[in-house]
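Each remark here refers to the structure printed beneath this line.
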Amino acid sequence: MTFRTLEDDITIMLPEDFDLEANLGYLTREKNECMYEIEDGFITKAIAIEKARFLIQISVIANKQMVVRFLDAAQPVEEWHREEIVKYIREWFDLDRDITPFYKIAEADPLLKTPVEKFRGLRVIGIPDLFEALCWGVLGQQINIAFAYTLKKQLVEAFGECMEWKGKKYWIFPSYKQISQRTTSDFSNIKMTLRKSEYVIGIAKLMASGEISKEELMKMSFQDAEKKLTQIRGVGPWTAHYVLMRCLRFGSAFPIDDVGLMNAIKVLRKMDRKPTKNEIMALSASWKNWESYATFYLWRTLY
DNA sequence: CGCCAGGTGGCTG
DNA sequence: CAGCCACATGGC
């Protein structure tokens, strides 16, 4: 890519409950992650805004402000691009939510007390792109997390685009338009089930036709959005809630059937078996509208 | 080797 | 409608 003079850095002021280490702890939990790179506290990521491509590097100063630097761009950086990138980052780190009510609940909750002490300042890290969030949910079904990352890497490297910078590749998740034109035979080198390939292509087609869009889902009530999502083939209650939590940002999203959630509760309560759904419902009775945060913090206790 | 991983759709009685 | 089952692969 040719050299260009890039625009000035962007500064984003951070909310009170933001801790860089807590968030980097989540972002670095899996070495196989291919959607960004973390090094020396810097987060480097390729971002697509429609047809434009940017390579940005995020750093955080004293947990007070985020600095976004443009390392590279495939075209001039326009003002509206900068606005969209800020929007993306605010969604990614959930910067527009005041999470002090969650801490109030959690500090009085025997199950959440220790996790919130340990991970204070962690936000629910989002997946702002709906297609990426749905695919990531589908890929993660029923398999261990490390393997899910392997599958995502295979999918991204097979169909995504990358930006190269200083000898490294930074990937952009494949678009639904691109995947909607593939068939399951194109997925033969990706070691996921045929069923999952069908789900991913089906989701891409629904998005390409406009039947499913983030914009529309964001306008819906929680229950309507959940219903719309579970009508998609391959999206059951777990995946729907996962997407409601990580992309659509409903605080009350709650993947209650999640085996990781069950195991976290089992360990924290020193149980010799997994809790039942009824037991989890009883334990979570006071989490109203913060189920997503509670779940995310409980997951962090495991990996 | 068997069982479990951030489940789901399809089939059966 | 509840109860099974297959599904690709890796770690332990």
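Residue numbers begin at 1 in each chain, while the letters A, B, ... track the order of the sequences. Bear in mind that the values here come from a model prediction, so they are computed numbers and not experimental data.
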With a non-hydrogen cut-off below 4.0 angstrom, is [X] in contact with a base, only sugar-phosphate, or nothing?
{"X": "I232(A)", "result": "sugar-phosphate"}
{"X": "T150(A)", "result": "nothing"}
{"X": "R300(A)", "result": "nothing"}

With a 4.0 Å cut-off on N to O distance, would you call [X] and [Y] a salt bridge?
{"X": "E83(A)", "Y": "K87(A)", "value": "no"}
{"X": "E79(A)", "Y": "R82(A)", "value": "yes"}
{"X": "R233(A)", "Y": "E198(A)", "value": "yes"}
{"X": "D19(A)", "Y": "R120(A)", "value": "no"}
{"X": "R273(A)", "Y": "E279(A)", "value": "yes"}
{"X": "E30(A)", "Y": "K152(A)", "value": "no"}

Please give, in whole Å, the distance from [N] [atom2] to [X] [atom1]?
{"X": "L302(A)", "N": "dG11(C)", "atom1": "CG", "atom2": "C1'", "answer": "16 Å"}
{"X": "I145(A)", "N": "dA5(B)", "atom1": "CD1", "atom2": "P", "answer": "11 Å"}
{"X": "E198(A)", "N": "dC7(C)", "atom1": "CD", "atom2": "P", "answer": "13 Å"}
{"X": "H241(A)", "N": "dG7(B)", "atom1": "NE2", "atom2": "P", "answer": "14 Å"}
{"X": "Y199(A)", "N": "dA8(C)", "atom1": "OH", "atom2": "P", "answer": "10 Å"}
{"X": "I203(A)", "N": "dT8(B)", "atom1": "CD1", "atom2": "P", "answer": "11 Å"}
{"X": "L194(A)", "N": "dC5(C)", "atom1": "CG", "atom2": "P", "answer": "21 Å"}
{"X": "Q154(A)", "N": "dA8(C)", "atom1": "CD", "atom2": "P", "answer": "13 Å"}

Subject >> Pair assignment for dC12(C), Watson-Crick or G-U wobble, requiring both distances under 3.5 Å >> reply: dG2(B)
Original post:
Considering every strand shown, what is the Watson-Crick or G-U wobble mate of dA6(C) when both distances are under 3.5 Å?
Top reply: dT8(B)
Does any donor atom in the side chain of [X] or [Y] lie under 3.5 Å from an acceptor atom in the other side chain?
{"X": "T276(A)", "Y": "N278(A)", "answer": "no"}
{"X": "Y170(A)", "Y": "R53(A)", "answer": "no"}
{"X": "S252(A)", "Y": "E291(A)", "answer": "no"}

Reckon [X] has a side-chain N or O less than 4.0 Å from the OP1 or OP2 of [N]?
{"X": "K191(A)", "N": "dT9(C)", "result": "yes"}
{"X": "T193(A)", "N": "dA6(C)", "result": "no"}
{"X": "R195(A)", "N": "dG7(B)", "result": "no"}

Subject >> Residue closer to the 5' end of DNA chain C, K196(A) versus A146(A) (nearest nucleotide) >> reply: K196(A)
Original post:
How far does the C1' atom of dT9(C) sit from the matching atom of dG10(B), given to the nearest Å?
Top reply: 22 Å
Subject >> dC4(C) versus dC3(B) - spacing of their P atoms, nearest Å >> reply: 16 Å
**OP:** Map G234(A) and N144(A) onto DNA chain B by nearest heavy atom, then report which one ends up closer to the 5' terminus.
**Re:** N144(A)
**OP:** Would you mind telling me which residue lines up with the more 5' stretch of DNA chain B, F147(A) or P237(A), judged by nearest nucleotide?
**Re:** F147(A)
Subject >> DNA chain B-proximal residues of residues 113-142 of chain A, any heavy atom under 4.0 Å >> reply: W136(A), G140(A), Q141(A), Q142(A)
**OP:** Please list residues of residues 255-276 of chain A whose heavy atoms come under 4.0 Å from any atom in DNA chain B, ordered by number; otherwise none.
**Re:** D258(A), V259(A), N263(A), K274(A)
Original post:
Parallel, tilted or perpendicular for F102(A) and Y293(A), by the 30°/60° rule?
Top reply: tilted
Original post:
Can you find a heavy atom in the side chain of T44(A) that is under 4.5 Å from one in the side chain of W165(A)?
Top reply: no
**OP:** Taking only the side-chain heavy atoms of I143(A) (C-beta and beyond), determine which of dA5(B), dC7(C), dG9(B) contains the nearest atom.
**Re:** dA5(B)
